[in-house]
Undergrad: 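Below are the structure tokens for one structure; questions will follow.
This one's a predicted model, so the numbers in the text were calculated from it and none came from an experiment.
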Amino acid sequence: MEGDHAKMLPPSPGTFVDREELIQHVGDFAVSQGYVVTIKQSKRDRVVVLGCDRGGVYRNRRKSADESSAECTRRRKTGTRLTNCPFEAVGKKDDGLWVLTIKNGTHNHEPIKDISEHPSARRFTEREILLIKEMTEAGLKPRQILKRLRQSNPDLLSTPKHVYNVKAKLRQGNMTVRNFKSLGPQKSAVRNNYLAVTKPSWRQRDPPRVPNLIGGRFVDSQSFTSIDVLNPATQQVVSQVPVTTIEEFKAAVFAAKRAFPLWQNTPIVTRQRIMFKFQELIRRDIDKLARIITAEHGKTLKDAYGDVLRGLEEVEHACGLATLQIGEFVSNVSNGTDSYSIREPLGVCAGICPFDFPAMIPLWMFPISVTCGNTFILKPSEKDPGAAVMLAELAVEAGLPNGVLNIVHGTNDIVNAICDDDDIKAVSFVGPNAAGAYVYARASAKGKRIQSNVGAKNHAVVMPDASVEATLNALVAAGFGAAGQKCVALSTVVFVGGLNPWEDKLVEHAKAINVNEGTESDADLGPVISKQAKEQICRLVQAGVDTGAKLVLDGRNIVVPGYEHGNFIGPTILSNVTINMECYKEEFFGPVLLCMRAESIEEAINVVNRNKYGNGASIFTTSGVAARKFRTEIEVGQVGINVPISVPLPFSSFTSCKPSFAGDLNLDGKAGIQFYTRGKTVTQQWKDLPGSNDASLAMASS
């Protein structure tokens, strides 16, 4: 008996966004251990005390042969009560969140072998009570009611007698629709679904306040501090982002940790089916996603659609993950011994996103991670979080279980918390150079697996024999597209042999770009993300002019009619740039093209290799010899030949080097899957040979 008691573990303490989630956590865990919890005491807005329901095991009420009548009466009165169990869990509300503590985790009875035999399994859910009430008013009899209830819940164990009892109480008027106190499997989950019809508080605000996603629920943060998300073209407030409290962050991590055991044991084909549904929903709502990206980021609708579509390719890649996780098997490595390797999920992972690709970069991270069997904490950029939240809504709609994906908003404190939390096993980061170096150092110091994709200063080398029109079109698209706010922008062009044959035509092509608000049909180039970003770009341009660069085309003072307050910068071109200028050393992240010259391809390659960033570089030439030399000698992660730098397809890794990347495993491709999983080698022996009972101290061999 004592051993059985020890097998029934108490649920782990934690922090929850509301009372119902805390009760669900305790109730679901209890069922997995073989006991059922009941609400012993409740002050709805302050505290809830949960105890153990023995499971309907009553004391013996049979009258013994030598028992007196008075004794029998006394036994009958006391014997109708359940034997008390010392187990007790307490949930208290503190700073808007519910904190669970275990007051007594022990039991004085054996586990229930079959939960379906417990009386709570025969009780109706709150939703079923409503249906019984409606069907009673419609004149249906108990057997008819029960038959209809079982159509939606085939596992319902209640009998017509139970329906009759409910009907009787409803007729007497002494039974309101309420939550039953005994918490059987799935009971609180049904209640959560029923309550979900209430419009959440974060949707009722004007402007709306972006919610966190914690444990499958979109909830308004308890934080009083918010950051305005501004439309870069109009300066109107699109929404507000809460600065999530550390307690809420801990609740999100706890929800992810709680969801991991069940999710990692979910069959890979089931996880893939959710991704199939997810990509279908993204296609359905791609117009909404593109519009929220344009409203928050400023990029044109065409660029916004491209943002979503490149992320969608990642989800499609996740749909086929089963074949990419196949291990290796070696038969008979020794006599009767086989060896094989498998890959397993890490646990709770996290992603920290920049503003430049509000849909694509979150989709780089969590679809692969969760399909590998991990749970995930996503921190979108506070500048444009709308697309990430919308994608999370679609993921939940697709069937992603509660707690598998969580979203927390914030700034430095949340980034620090992600780096420091011991339950988070891996962190993916994309963003500025200084922030990336900080995240890598802090997270790796805590023993986390980390991939940090940071600053970029991508170069294009143009040979004298390059195709003129094709090269100019590529330079303009890669240099000014998305207002230059992307890690794959070509911000620097090295012209081998001189700029003179190219400069006028480059300016002509750049002037043809139409600068406008992103939703306008003729827009080629939208605003930059913020006024601060515009000021930094203008400062670097002026610094280049002050140190000797030639301002060939100046877009700093452009005014877009109807959007005079927008953060617009037109295409800007600086020539005669040298490697010691500040405008060359720093990352622009704006629609500015720097033009340099080199006497030979060797000099051009040397310029690129001396730059501290190693994201990507391209060469434009009709010479296979020059292209091959460039490909071999250039020291960057992404190489383009007659094409600008582009985000690779998901089956190819996004490779960077030098300070542009820190970590061992890149995003995407096989490396991305390896990042979110750990290898395990299993050696097994199945043999029954004569004389095999003798122990051997020798190393196994063939």
Side-chain angles (χ1 to χ4, degrees), residues 12 14 25 28-29 32 213-216 252-279 311 314-329 340-352 362-379 391-392 394-407 418 421-428 443 447-451 650-651 653 663-682:
S12 53
H25 166 63
D28 291 348
F29 185 86
S32 72
L213 172 61
I214 301 176
V253 174
F254 185 73
K257 184 180 178 181
R258 182 158 49 99
F260 175 65
L262 184 61
W263 181 242
Q264 74 163 334
N265 289 317
T266 300
I268 180 66
V269 291
T270 303
R271 293 186 234 137
Q272 285 185 156
R273 288 190 192 108
I274 293 174
M275 288 299 112
F276 273 111
K277 182 63 177 177
F278 185 35
Q279 63 90 19
E314 198 73 41
V315 182
E316 292 170 337
H317 183 55
C319 292
L321 208 63
T323 57
L324 301 175
Q325 282 191 281
I326 292 175
E328 298 172 332
F329 187 94
Y340 61 91
S341 63
I342 56 177
R343 299 206 69 83
E344 295 181 334
L346 302 175
V348 182
C349 301
I352 302 170
L363 291 175
W364 269 2
M365 296 178 180
F366 77 81
I368 294 295
S369 180
V370 301
T371 310
C372 285
N374 300 291
T375 54
F376 206 82
I377 309 289
L378 182 72
K379 195 207 87 66
L391 288 168
L394 298 181
V396 171
E397 184 181 347
L400 211 59
N402 293 351
V404 173
L405 174 63
N406 303 271
I407 290 183
I418 288 173
D421 195 287
D422 291 333
D423 288 323
I424 294 177
K425 306 303 181 185
V427 178
S428 296
K448 300 186 191 305
R449 188 175 289 189
I450 174 79
Q451 52 182 197
F651 44 78
S653 291
D664 297 321
L665 295 164
N666 293 94
L667 289 162
D668 284 343
K670 291 181 180 179
I673 296 169
Q674 290 170 357
F675 179 78
Y676 289 119
T677 57
R678 65 166 61 90
K680 179 181 285 184
T681 300
V682 181

Undergrad: Would a 4.5 Å heavy-atom cut-off, applied to side chains only, mark Arg343 and Gln674 as touching?
TA: yes

Undergrad: To the closest 0.5 Å, what do you measure between SG (Cys319) and CD1 (Ile274)?
TA: 11.0 Å

Undergrad: Is it the case that the side chain of Ser369 and the backbone of Met365 share a donor-acceptor pair, with hydrogens and angles ignored and the cut-off at 3.5 Å?
TA: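 No, because the side chain of Ser369 does not come within donor-acceptor range (under 3.5 Å) of the backbone of Met365.
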
Undergrad: Starting at CD1 of Ile342, measure out to OG1 of Thr681 and round the result to the nearest 0.5 Å.
TA: 8.5 Å

Undergrad: So Ser12 and Phe29, side chain to side chain contact (heavy atoms under 4.5 Å, CB included) or not? Walk me through it.
TA: CA-CA 9 Å; Ser12 53; Phe29 185 86; over 6 Å; no

Undergrad: Is any side-chain heavy atom of Leu400 closer than 4.5 Å to one of Trp263?
TA: yes

Undergrad: Which heavy atom of Ile377 sits nearest to which heavy atom of Val348, and what is that distance?
TA: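 Here Ile377 and Val348 meet closest at CG1-CG1, 4.0 Å.
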
Undergrad: Work out which heavy atom in Ala350 is nearest to a heavy atom in Ile424; give both atom names and the distance.
TA: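 Scanning both residues, the minimum pair turns out to be CB-CG2, 3.9 Å.
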
Undergrad: Which atom pair, heavy atoms only, marks the closest approach of Gly216 to Asn402?
TA: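 Here Gly216 and Asn402 meet closest at CA-OD1, 3.5 Å.
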
Undergrad: Quick check for you: to the nearest 0.5 Å, what is the distance between Asp423 atom CG and Thr375 atom OG1?
TA: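 One finds 9.5 Å between CG of Asp423 and OG1 of Thr375.
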
Undergrad: Mark yes when over 12 heavy atoms from residues, nucleotides or ligands other than Leu262 sit less than 6.0 Å from its CG; otherwise mark no.
TA: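 At most 12 heavy atoms, drawn from other residues, nucleotides or ligands, come within 6.0 Å of this atom.
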
Undergrad: Treating Lys448 as the side-chain partner and Asp421 as the backbone partner, does any N or O pair qualify as donor plus acceptor under 3.5 Å?
TA: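 Yes, Lys448 side chain to Asp421 backbone: donor-acceptor pair under 3.5 Å.
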
Undergrad: With a 4.5 Å heavy-atom cut-off, do Ile368 and Glu314 have their side chains touching?
TA: yes

Undergrad: Do Phe675 and Ser428 touch side chain to side chain, with heavy atoms closer than 4.5 Å?
TA: yes

Undergrad: What are the two closest non-hydrogen atoms of Ala259 and Gly403, and how far apart are they?
TA: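 So the two residues come closest at CB-C, 3.7 Å.
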
Undergrad: Has the side chain of Gln279 got a donor or acceptor atom that lies under 3.5 Å from a matching backbone atom of Phe276?
TA: yes

Undergrad: Are any of the side-chain heavy atoms of Phe278 and Met275 separated by less than 4.5 Å?
TA: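 They are in contact (side-chain heavy atoms under 4.5 Å apart), so the answer is yes.
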
Undergrad: Taking all heavy atoms of Leu378 and all of Pro362, pick out the closest pair and write down the distance.
TA: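 Minimum heavy-atom contact is CD2-CB, 4.0 Å.
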
Undergrad: Please examine the side chains of Phe366 and Ile407, heavy atoms only from C-beta on, and report whether any two atoms are closer than 4.5 Å.
TA: no

Undergrad: Measuring from Thr677:OG1 to Leu321:CG, what's the distance to the nearest 0.5 Å?
TA: 8.5 Å

Undergrad: Can Thr371 and Tyr676 be counted as having a side-chain donor-acceptor contact under 3.5 angstrom?
TA: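 No, Tyr676 and Thr371 have no side-chain donor paired with an acceptor closer than 3.5 Å.
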
Undergrad: Quick test of your reading: applying side-chain hydrogen bond (donor to acceptor under 3.5 Å, both in side chains), list the pairs with at least one residue in residues 267-277, sequence neighbours left out, ordered by first then second residue.
TA: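 Only Lys277-Glu280 qualify under side-chain hydrogen bond (donor to acceptor under 3.5 Å, both in side chains).
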
Undergrad: Answer yes or no: is there a side-chain heavy-atom contact under 4.5 Å between Val396 and Leu405?
TA: no

Undergrad: Taking all non-hydrogen atoms of both residues into account, name the closest pair between Asn374 and Val404 and its distance.
TA: O-CG1, 4.1 Å

